[in-house]
Amino acid sequence: MQKKIMLVDGHSIINRAFYGVPLLSNAEGIYTNGVYGFLNILFKLLDEDKPDYIAVAFDLSAPTFRHEAFKEYKGNRKGMPEELKPQVPLLKEVLDAMGIKRLEKEGYEADDILGTAAKRAEEQGMEPIIVSGDRDLLQLATDKIKIRIPKTKKGGTEIEDYFAKDLIEKIGVTPLEYIDVKALMGDSSDNIPGVPGIGEKTAIKIIQEYHNIENAIANADYIKPSRASANLKAYEEQARQSKYLATICTEVPIEFDWEQYKLDSIMNPRVYELFKQLEFKSFLDRFSMPSESNSLIMNSNLSEGEYRAVGTKEDFEKIVQEIFEAGRFSFIIFSENHKPIGISFCYADIKGIWVEQSEEFTVEELMAVAKPLFESNTVEKIAHNAKDDMHILKHFGITLRNLTFDTMIGGYVLNPTKETYGYDDLSQEFLGQTFPSEEEILGKGKSKKSIMDLEEKDRTKFAAGQAYIIYHSEKQIRKKLKENNQEQLYYEIEHPLIEVLFSMEEYGFKIDTKKLKEYVTELEEKIDILTKEIYDIAGEEFNINSPKQLGVILFEKLMLPMGKKTKTGYSTAAEVLEKLRNKHIIIEKILEYRQLIKLKTTYGDGLFAVVNKDTNKVHSTFNQTITATGRISSTEPNLQNIPIKLEMGRKIRKVFIPSDEDYLLLDADYSQIELRVLAHIAQDETLIHAFRTGEDIHKITASQVFKVPFDEVTPRQRSNAKAVNFGIVYGIGAFSLSQDLNISRKEAEAYIEGYFEKYPNVRKYMDETIKQAREQGYVTTLFGRRRVIPDISSNNFTRRSFGERVAMNTPIQGTAADIIKIAMIKVFNKLKEKNLKSRLILQVHDELLVEVHKDEVDEVKQILKHEMEHAAKLDVPLDVDMHLGKTWFETK
DNA sequence: CCTTTCACG
DNA sequence: ACGTACGTGAAAGGA
């Protein structure tokens, strides 16, 4: 087999790529689209050609051999586009990381180096492949040397290939003749002047007949058209000069040691880091090579770990025995399609084990062997997102006991603003060692692979490596928690909460599916009617759900005045449409349509999609590591945003029912918890006093801010005061308040000033919190929850302002989140301790929902109220309202 | 995949 | 003059 060598013209490809893909830029604002496009082309070519060697040629900035010659003649050669320049060093960095050598020589153009390299390679019996965006290189084509010219098009990259015969076939001249074609027609991008009046067509025709310019000049008299003939004579010297410029030199004095261009492991961890940094996400799945030994995994230096795979019952029993003796271990359950396929363990500091199921050793058998271990009250367990594992284990009749640490929750407590809490992150942050992420090894989305596709030794190190990581990160996280004074937050709030959330998820919320079906049908009927009415009024059918199409109808066809614009076009948000209500009858129809379609799709269809058909229950996932403030979030379904404000939406709460007729729903919500928290942490006497009187807080605020006696506060004043109170909690701004209340900015300012005058310590708190955030870089809640706010020191006004609002709001929202979490744990434990049948089933930020047994109503009411009101001891009372009902709708 | 819209506290 | 409230999740359209 002949060896293939790929020779790439760096500048012309990055140039072509630059314009071929949309603008991308990295964090420093440098465009990356040229590099991205270059790599896109490169990967495509590598996949197709699978060359043995590769090199990329670049021009160095200094004048080159032919360039110098040209300068005497006509001045400076054009450089590359300004906006591309910063990308070239970036590209070189990427190529260096990939171990792809560069061909550069001071004083020579990339074309010349490429030409020389191709000729030498050909002489030595290799197959050279030249990749360039410029057609100049076509002159180098032979029956061995292939020229590949990629064209970036909408549908992807298309590549034109030329051997010598293809050139003759497609253009009609030989490669050598092509130089003369260039000499006649010129090339503005290369600043080859050519001959005026001779373009590509004429040039080809002339060369086809006379084969070179010397011969053409000699026969200039016979050349047609006459303009070409005259110009060729007049610009004879320029034509010869152009030929010199167009001729690629193949005699550059360079020694090529082919072995150093050998194509090796270009997808290495360093490249991975670079791609991640540059956000070249689509290239990341190129890093998993399941068929070969996976270098990413094998190269990760989880220093002392001893990894071993276990595939038989006997072997695993031995391991379980060892783990019992070790007394503590970390574990990770690997699942695919909701079915576990293996478990990895780490124990005795260095032992990493991967146990996998097989036909001989089923997952049921595996679980049975592991059961005593998981259920042991003495052996300590370390997990990462233990709640998930608890669900899996429960399915096999196993109760996880003595969970001593959850590294995911620990990581969240240390920094709640991260997007993910992966094993790779833990390894980097707490062990100072890189480890590939799941996405790197298995990919993601549709093309996600199974870990069973990995070779056994890779699979073992990947799975057991993760257990090793959490085993060792645990100590570091504990240490950090101590340093940060967050031990109480972790051990007394977040850790015990895991079990509470697990129980809520496990128990679920019963749905009256018959009622739900009726509700959806009712909505569908109304939507049908509205749709027809809207089409009628609009005079045509269109997709009402498309803001784009709706915008065209409203603002172009019906010529309604447009309010706001979005990045992409007209805004059709409810806020905008509301202002057009009286302008056209279509508006109210659309608003109602929107409301109903939301209810049908998100709440009707959406709920149906997640109901367990056997039990008619929904089992939401309560995520403990999503929010930046410490709240929990709810998904699939989201039970924290079930409609309540509007009557039509509120009706859906009638389908949320207790699991059987012996039960009722008991709802308890904190009254004004965030304002109470504010009163406490700001230590504002007036505000504290206001809450101690137990009167309506918005009315009190109104009386204070608007300086009227309490009994004379109008409903309008109260409602304005309510908006001010909200604004205060969010980190108020006069503009937003004025928008919200539809008043002038001046008035809004007066309200805020009035508020701060009456509650001076609130202002003091806001100022001090911002100052503290700026000095230490983070803010904290009453229970030590911490949120870093880098934006607070930004030079960018908008970012800084945002940072300041976040600094003011986070301690308030976060402390309220802490308090209700404490209440949840206390309620959960009380119900358990007293062996009651009632269950906590839902939390909605300031509200707890309990499914209460009919015999336990009074007792549970008392527990719920007491535990919630005494969850934290503030300088203001915590007040809880409770409601009992047969459906969630009734508990209002 | 990103944007728009809208549901909740 | 800047560009506007804090925290979430789901569905749909349209690249």
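Just so we're on the same page: letters track the sequence lines, and every chain starts at 1.
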- Under a 3.5 Å cutoff on both atom distances, Watson-Crick or G-U, what's the dot-bracket for DNA chain C ([ ] crossing, | other strand)? .....|||||||||.
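Nearest to the side chain of A:Phe797, among C:dG9, B:dG9, C:dC2, sits C:dC2. Of the candidate nucleotides C:dT4, B:dG9, B:dA7, B:dA7 has the atom nearest to the side chain of A:Pro643. If you check C:dA5, C:dT8, B:dG9 against the side chain of A:Ala628, the one that comes closest is C:dT8. For A:Arg745, the listed nucleotide lying nearest its side chain is C:dG3; candidates were C:dA5, C:dG3, B:dT4.
Look at CZ on A:Arg799: it is 14 Å from P on C:dT4, rounded to the nearest Å. Note: CG (A:Asn725) to P (C:dA5) measures 19 Å, nearest angstrom. Following rounding to the nearest Å, A:Tyr593 (OH) and B:dC6 (P) show an atom-to-atom distance of 12 Å. With rounding to whole Å, A:Asp740 atom CG is found 13 Å from C:dC6 atom P. To the nearest angstrom, C1' of C:dC6 lies 10 Å from CE of A:Met808. One interatomic measurement links the two molecules: CG of A:Asp791 to C1' of C:dC2, which rounds to 15 Å at whole-angstrom precision. For A:Asn623 and B:dC8, the CG to P distance is 22 Å, given to the nearest whole Å. Straight-line distance from the OH atom of A:Tyr730 to the C1' atom of C:dG3: 19 Å, rounded to whole Å.
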- Task: For the pair A:His619 and A:Asn612, evaluate side-chain hydrogen bond (donor to acceptor under 3.5 Å, both in side chains) and give the outcome as yes or no after the intermediate values.
- Result: CA-CA 8 Å; A:His619 300 264; A:Asn612 181 314; 5.0 Å; no
- Message: Using salt bridge (charged side-chain N to carboxylate O under 4.0 Å, His left out), reason through A:Glu757 and A:Arg763 one step at a time and then give a plain yes or no.
- Response: CA-CA 9 Å; A:Glu757 253 170 46; A:Arg763 165 146 44 195; over 6 Å; no
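The residue A:Leu599 sits apart from the nucleic acid: no heavy atom pair falls under 4.0 Å. Residue-level contact check: A:Ala734 touches neither bases nor backbone, having no heavy atom under 4.0 Å from any strand. Counting any heavy atom pair closer than 4.0 Å across all strands shown, A:Ile644 reaches sugar-phosphate atoms only and no base atom. Residue contacts for A:Phe802: at a heavy-atom cut-off of 4.0 Å it reaches the sugar-phosphate backbone alone, with no base atom in range. Using a 4.0 Å heavy-atom cutoff across all strands shown, A:Val729 reaches no nucleic acid atom at all.
Counting heavy-atom neighbours within 6.0 Å of A:Lys865 NZ, excluding the residue itself, gives a total above 12. At most 12 heavy atoms of other shown residues, nucleotides or ligands fall within 6.0 angstrom of atom CE in A:Met562. Residue A:Glu540 places its CD atom among more than 12 non-hydrogen atoms of other residues, nucleotides or ligands, all under 6.0 Å distant. Residue A:Lys771 qualifies as open at atom NZ: its count of foreign heavy atoms under 6.0 Å is 12 or below. A 6.0 Å sphere centred on CD of A:Gln776 holds more than 12 heavy atoms belonging to other residues, nucleotides or ligands.
With sequence neighbours left out, the ring pair (Phe, Tyr, Trp, His ring centres under 6.0 Å) criterion links A:Tyr755 to A:Tyr759.
With salt bridges taken as basic N to acidic carboxylate O contacts below 4.0 Å, none links A:Lys617 and A:Glu506. The pair A:Arg785-A:Asp818 meets the salt-bridge criterion, with a side-chain N (NZ, NE, NH1 or NH2) lying under 4.0 Å from an Asp/Glu carboxylate O.
OP1 or OP2 of C:dG7 sits under 4.0 Å from a side-chain N or O of A:Arg787. When the side-chain nitrogen and oxygen atoms of A:Arg594 are compared with OP1 and OP2 of B:dC6, one or more of them lie within a distance under 4.0 Å. Between A:Arg631 and C:dT8 there is no side-chain N or O to OP1 or OP2 distance below 4.0 Å. When the side-chain nitrogen and oxygen atoms of A:Ser571 are compared with OP1 and OP2 of B:dT5, one or more of them lie within a distance under 4.0 Å. In this model, the phosphate group of C:dC2 is not approached by any side-chain N or O of A:Thr798 to a distance below 4.0 Å at OP1 or OP2. One finds a side-chain N or O of A:Thr572 lying less than 4.0 angstrom from the OP1 or OP2 phosphate oxygen of B:dT5.
Across A:Arg787, A:Arg786, A:Gln772, a single residue satisfies side-chain hydrogen bond (donor to acceptor under 3.5 Å, both in side chains) together with A:Tyr778, and that is A:Arg786.
For C:dC6, its base sits under 3.5 Å from the side chain of A:Gln813 at one donor and acceptor pair at least.
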- Query: Could you run down nucleotides 10-15 of chain C 5' to 3' and tag each one B, S or - for protein heavy-atom contact under 4.0 Å?
  - Reply: BSSSSS
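The same atom, P, is picked in C:dC2 and in B:dA7; the two are 32 Å apart, to the nearest Å. With both ends at atom P, the span from C:dT4 to B:dT3 equals 15 Å, rounded to whole Å.
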